[in-house]
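Notes follow once the structure below has been shown.
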Amino acid sequence: MENNNKQTKRPLDTLVIGLILFCVILVLVEIFSNLTHELDLSILSNYV
Amino acid sequence: MNDQTKTPSSSSHQRRRKIERVLAVIAFLTVIVAWFVGGTLQSASIEPALAQALPDADKFESIGNESYAAYRGEDLIGYVSIGEEVGYGGPLKVAVAVDPAGNVMGIAIASHKETPSFMDRVLRSDFLSQFSGKIFSDPFQLDNDIDGITGATYTSRAIAQSTLQASRAVATTQLGLTVPAEKAPPIRFGIPEITLIGLYAAGYIGQSKGLKYKKQLRWATLLTGMFVLGFWFNVPLTISRINSFLMGYWPQWQTNIYWYLLVGGIFFIFTVDNKNAYCAWFCPFGAAQECMGAIGGAKSNGPQRFRRQLLWIQRGLAWLAVVLAFLYRNPGLSSYEIFGTLFDLTGSTVAFLLLGIILIMSLFIRRPWCNFLCPLDPIFDIIRLTRTWTLELWKTIINKRNARSIP
């Protein structure tokens with residue numbers, strides 16, 4: 001019984017860890033897209 | 001614990017604590033370095049804003065104090081002055097064109113640190129155009145002679161205040177006009193402030209041991225936080241606010257009591273009592289996740305495998321967000337929280353995708369955002385660590401002094 005629980009829990013854990021890592025990638029995309037926006041703005045304001 | 005009684009787990013705990021402290025010091029030093037490097041990067045030109053504020057002019061001549069005389073050909077057609085006030089994210093500068101009679105001819109945003117969605121909301125509306133034709137002696141106050149933008153109140157207020165400053169600067173220094181004595185802005189103390197004080201009190205009392213109806217009280221504070229501070233006013237604690245506080249971008253207290261209560265309250269309660277009433281008791285986004293958890297029957301705190309590694313990833317993201325904000329002197333620059341995405345339905349496609357995944361995960365595990373991604377948690381860890389370390393140092397100093405005083 002305990003073994004069964006462990007066996008079903010492991011793939012679920014892996015799925016959750018995978019989702020969390022995917023969220024981490026999304027967070028990094030969000031941070032760097034904000035950063036790119038800021039860099040674009042400062043470059044534009046220096047050259048307009 | 002002396003060396004003889006040390007177990008392998010206690011020594012690994014000691015080692016881990018030491019590593020945490022060393023990394024905390026390194027993180028702190030990198031933030032300071034980012035701040036100083038950031039000082040050398042500030043070079044955005046304000047000239048485009050001068051032309052935007054007064055497009056009829058073809059030449060601007062600096063007359064000092066961030067003011068410019070504007071000419072068309074050889075004719076002086078007005079002045080443009082730069083007003084500055086702290087907005088939601090940091091300093092906000094506005095170029096204000098004033099004619100020789102003291103009337104505002106036009107305004108333009110010269111620079112800002114606001115969250116892009118807030119500023120977009122202002123720029124998409126006709127908010128800026130309502131300043132044209134006003135005179136320097138007008139009050140320039142929201143809900144009085146200026147209509148603010150819902151969902152961007154802090155930004156609207158900072159623009160109005162900057163315009164007032166700049167128009168009055170031109171009136172006194174260039175036009176020799178008498179400016180009415182500046183009245184202190186009316187103190188804003190309303191539903192969000194009262195709710196926040198009540199929630200702090202309930203959260204603080206709720207954490208005491210043996211309290212009857214603790215569970216019910218916690219649900220009441222969570223739901224109040226979610227509906228009032230979240231959906232109604234959209235004013236949760238964010239890393240932008242912590243960054244603004246640390247960078248010294250403190251807004252006018254009269255119109256921002258909520259800001260001071262929120263940030264000051266967190267630091268005060270942590271310092272005095274090492275308690276975090278906010279996260280567990282009334283964080284609006286935490287409450288939203290718990291509601292989803294109640295629907296889905298979430299019981300687990302998430303996978304225990306790779307827990308440490310995931311914790312360090314969370315801390316790394318928070319560090320990156322703070323360092324970038326300090327480097328560009330922009331508190332909201334690297335904010336990746338999805339609170340506004342839920343409560344205000346604003347944000348990028350990535351933010352909506354992230355929100356969707358987090359809310360679905362909340363059905364099965366408790367507070368996935370708080371446990372694995374929220375940048376505030378690592379900030380609170382640093383505050384806790386600093387507090388414990390300071391107390392330890394203090395005790396060591398006292399013990400040494402006592403030992404020396406015993407003959």
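Residue numbers start from 1 in every chain, and the chains themselves are labelled A, B, ... in the order their sequence lines are given, proteins ahead of strands.
B:T238 and B:E337 are not linked by any side-chain donor-acceptor pair at a separation below 3.5 angstrom, with hydrogens and angles left out of the test.
Looking only at side-chain heavy atoms (C-beta outward), B:Y336 and B:P375 come within less than 4.5 Å of each other. Side-chain contact check for B:F127 versus B:T155: every heavy-atom pair is 4.5 Å or farther apart.
Residue contact with chain A, scored on non-hydrogen atoms closer than 4.5 Å, involves the side chain of B:I313 exclusively. Neither the backbone nor the side chain of B:I338 comes within contact range of chain A; no heavy atoms are under 4.5 Å apart. Proximity to chain B is limited to the side chain of A:V29, based on heavy atoms less than 4.5 angstrom apart. Looking at B:I360, there are no atoms closer than 4.5 Å to chain A (heavy atoms on both sides), in backbone or side chain. For a residue to count as touching a neighbouring chain, one of its non-hydrogen atoms must lie under 4.5 Å from one of that chain's; by this rule B:L324 touches chain A with the side chain only.
Considering all non-hydrogen atoms of both residues, B:G83 and B:A166 come closest at N-CB, 3.6 Å.
The distance from atom CG of B:L333 to atom CZ of B:F326, rounded to the nearest 0.5 Å, is 12.5 Å.
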